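None of these values were measured; they are calculated from a predicted model. Lettering of chains follows the sequences in order, A, B, ..., and the numbering in each one begins at 1.
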Amino acid sequence: MTPEELSRTLVGALTSLTERGVVALDGGVPSSVTVERPKNKAHGDYATNIALQLSKQASLPPRVLADALAKELQHADGIAAADVAGPGFLNITVSAAAQGEVARAIVEAGATYGTSTRLAGNRINLEFVSANPTGPIHIGTGRWAPVGDSLARVFTALGADVTREYYFNDHGAQIDRFCRSLLAVARGQEPPEDGYVGNYLVDIADQVVAGHPGVLELPDDEAKEVFRHQGVELMFADIKRTLHDFGVDFDVYTHQQTLHDSGAVERAIDRLREMGNVYEADGAVWLRTQKYGDDKDRVIIRSTGAPAYIAADLAYYLDKRERGFDLVVIMLGADHHGYVGRLLAMCQAFGDTPHENLEVLIGQMVNVVRDGKPVRMAKRAGSVVTIDDLIEALGVDAARYALVRYSTDSNIDIDLALWTSASNDNPVYYVQYASARLASILRNATELGIAWSAADFDPSLLADDREGDLLRALAEFPRVVSAVADLRQPHRLARYLEATASTFHKFYDVCRVLPLGDEEPTDLHRARLLLVEATRTVFVTGLGLLGVSAPERM
RNA sequence: GCGCUCGUAGCUCAGCUGGAUAGAGCAGUGGACUUCUAAUCCACCGGUCGCAGGUUCGAGUCCUGCCGGGCGCGCCA
C-alpha cells in the first residue's frame, strides 16, 4: 500500500459515507486526501488530518467524523487498524501484506519507479551557471551546476521536455578587461588596474600566442581583437570542459553577442513598445517596469545609443518564449537578487505571467573556509577557489553532493580542511555505502544460486518493524521526487536518501537477508532479497537524479 | 535609509508549505564484529526554534514590529 493508494482508499471511504447519508459534505468529497507519516511510531504507519479539515463542511466535530471514517476503514483492504487520536487525527496501520506489496511494485517498475508523466507536455527551459568567460567557474557560481542539473533530471523524470541552457556573456566591459589582461600577460607586462589576475591567464595567453605567431607585434587594437576572439573561445572551452567533468552538459549555449547582431534586441523593444511599455526620456529609452512592481523604470538604451545589459535579456526572454518554452527558469546568485524585480516586470511587460512563464531562482552565496578563515573568491582577487579545485579535492560525486545537499536558500560554508581531510564524514559516502551493501547482497545471492522473483513473492513475510520502516521509506520516493520538482529543491532528495540509507542500515543490522552456512534458502530469504532489490532500485534512481554514482563496491 | 534573504542542539544543517512529545549528522560519553561490506548499528548527553506581539482548535512554519548575519539598491555587466 503506497500513500497514493491509501489516499484513494480514504476518498473511497468518504464517498461511501456521503452516499449512505452518514456524512454530508458541503464542498463534496475531495479528490485526494493528504496522508503523512507520523513522526511518532505510536501514531501508526500513516496519519491524516482530513477529519479536522472537513469538520466545518460536515458540520460535525472532528472526532465524530474521524470515528465514522475509522469504522468505514475497518472493511477496507490492507488496513490493519484505524484509530482516532488527539483532536481528530486518524492514525492508520497498514497490514504487513499490503505494505510488502510495495517491494513487488518497485521491482516490477524497475528504473521507472519514482518517475511519472505528470509534467508531460510541459516545455521547460532551465538556464543556470552562465558564468562569464573571463575565468574558471568558482564555487559560488558553480553551486547551480549540480543543483540545476538535478532539477533538469527530475523534471525529465516527470515527463517534462527540458532544455538546459547557458547564457554566454561575450559582449561587455568585463570581456574587454579580460582581453587587456591577456594581452598584458602575453607581453609580460603588469596587468591593468581593473584587470584579472591568475595563472589561468598565462595558459590562455600562451595558447593564443602559439596559435597566432606574431600577434604580439600587431598594434594594440588588432592584437586585442585576436585575444578577444581566441581568448574568449579558449576560456569558454575550458568552462565547458569543467562542467562536463562535473557531469553537467548543456543543450543550448546562447551568445549574448548574437542577440545584438541578429536584431533580436530591436525586435524585443519593438514588441514592448507595441505593448505601450517603452518611452523615451533624457535621451534614453526606458522600460516601464515600475508599473509591474519593480522599484523604478529601467533604461534599456542609454543616451549614448548603446544598449544597457537588460536589453539583451529582453531579447533573450522573448527568444526563449518564441522557441516554445512554457516555463523559463533562470537561476542566479544572491548577488543578483536585485535583478529579480525587473526580470519579472519584464515578463509582465511582454504580457506574460510572472511565476508561471518566468521564474527566477536565487541561490545564496557559498563561502569557502580554510582553517576557519574565509578564502577570497572574487575572480580578480587572484585567489580563486574553482569547481576544478573542488572536483580535484573531493571527486565528482562528493563535490556534487556537497553542493546539492543544502537548500539554496541558505548560504553555506564549505570548510576545505574538513571536506578534503575527513571525507569519510561526508554523507555521500553514507548513502553510497548503503548502495554498495545492497549490491553486495544481491551479488552474493546470485553466487549462492538463490533465485527470487516478484512473481513468487509473499509480501506478508515482511512483517518485522524494520522491514515495514524500509517499505514505507521506499513508498515515499515518488512523493519526494514530485516535491523536488514542485519546490525546485533537489536537496530534499539528498536528505531523503540519507534517511533511507539509515533505515536500510538498521534493517540490515537486524534482518539477516541471506541464508547462514548450510541453511536452505526459505521464502523469507527470497522475500527479503526482493526488498533489497527494491531498495537498490531506489538508490540507483535517486542517486542518478542527483548525478551521483551508485557504486556496486566500495 | 530602502529591498530580498537567512536566524532551529556546542558545530553543520533538515523540518514534507499550519498538525500530535521539534529531528539528523558531527563533536562528547558508553556499548555491539568467528557468519550477507563495522564507511555500520545501539544507548546516553545536548533546545526559551533570535526577541515581542498577533491570527486559530493548533505556529519552527502565516502576519506585524524590533535585533543580528548575508546580499543588493548605476544611463555597470
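At the heavy-atom level, A/N40 lies under 4.0 Å from base atoms of the strands shown. Nucleic acid contact for A/A434: none, since no nucleic acid atom lies under 4.0 Å from a heavy atom of the residue.
Atom CD1 in A/I412 sits 11.5 Å away from atom CE in A/M365 (nearest 0.5 Å).
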> Could you write nucleotides 55-60 of chain B as a row of B, S and -, 5' to 3', where a protein heavy atom under 4.0 Å of any base atom gives B, of only sugar-phosphate atoms gives S, and otherwise -?
Replying inline: ------
> For nucleotides 68-77 of chain B, read 5' to 3', which letter fits each nucleotide if B means a protein heavy atom sits under 4.0 Å from the base, S means only the sugar-phosphate is that close, and - means neither?
Replying inline: --SBS-SBSB
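In this structure, A/H43 places its NE2 atom 11 Å from C1' of B/G19, rounding to the nearest Å. In this structure, CD of A/Q489 is placed 14 Å from P of B/U5, rounded to the nearest angstrom. Going from atom CZ of A/R492 over to atom P of B/G23 covers 18 Å, rounded to whole Å.
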Protein-nucleotides 44-51 of chain B N/O pairs closer than 3.5 Å?
none

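Here A/K506 does not reach the OP1 or OP2 of B/U40: none of its side-chain N or O atoms lies under 4.0 Å away. Distances shorter than 4.0 Å separate some side-chain N or O of A/H491 from OP1 or OP2 on B/G15. For A/Y433, a side-chain nitrogen or oxygen approaches OP1 or OP2 of B/A39 to under 4.0 Å.
Ring stacking is absent between A/Y430 and B/A39, as the pair misses the limits of under 5.5 Å between centres and under 30 degrees between planes.
The A/Y508 side chain lies nearest to B/A38 when the options are B/C41, B/A38, B/U17.
Side chains of A/Y401 and A/Y429 form no contact here, defined as non-hydrogen atoms less than 4.5 Å apart. Using a 4.5 Å heavy-atom threshold, the side chains of A/T34 and A/I50 count as separate.
Less than 4.0 Å separates RNA chain B from at least one heavy atom of each of the following residues of residues 511-527 of chain A: A/C511, A/R512, A/V513, A/L514, A/L516.
Salt-bridge formation is detected for the pair A/R479/A/E476: a Lys NZ or Arg NE/NH1/NH2 atom is positioned less than 4.0 Å from an Asp or Glu carboxylate oxygen.
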> Reading RNA chain B 5' to 3', what string of ( ), [ ], | and . shows its pairs, if Watson-Crick and G-U wobble pairs count only when both distances fall under 3.5 Å?
Replying inline: (((((((..((((.....[...)))).(((((.......))))).....(((((..]....))))))))))))....
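Both A/S407 and A/E498 lie close to RNA chain B; mapped to their nearest nucleotides by heavy-atom distance, the more 5′-ward contact belongs to A/S407. Projected onto RNA chain B by closest heavy-atom contact, A/I441 and A/H505 fall at different nucleotides, the more 5' of which corresponds to A/I441.
Under the rule for a ring pair (Phe, Tyr, Trp, His ring centres under 6.0 Å), A/F178 has no partner lying at least two apart in sequence or in another chain.
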>> Does A/R472 form a salt bridge (charged side-chain N to carboxylate O under 4.0 Å, His left out) with A/D45? I'd like the steps, not just the answer.
In response: CA-CA 8 Å; A/R472 279 182 290 278; A/D45 297 331; 3.2 Å; yes
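Donor-acceptor pairing under 3.5 Å, judged by distance alone, is present between the side chain of A/N91 and the base of B/A20.
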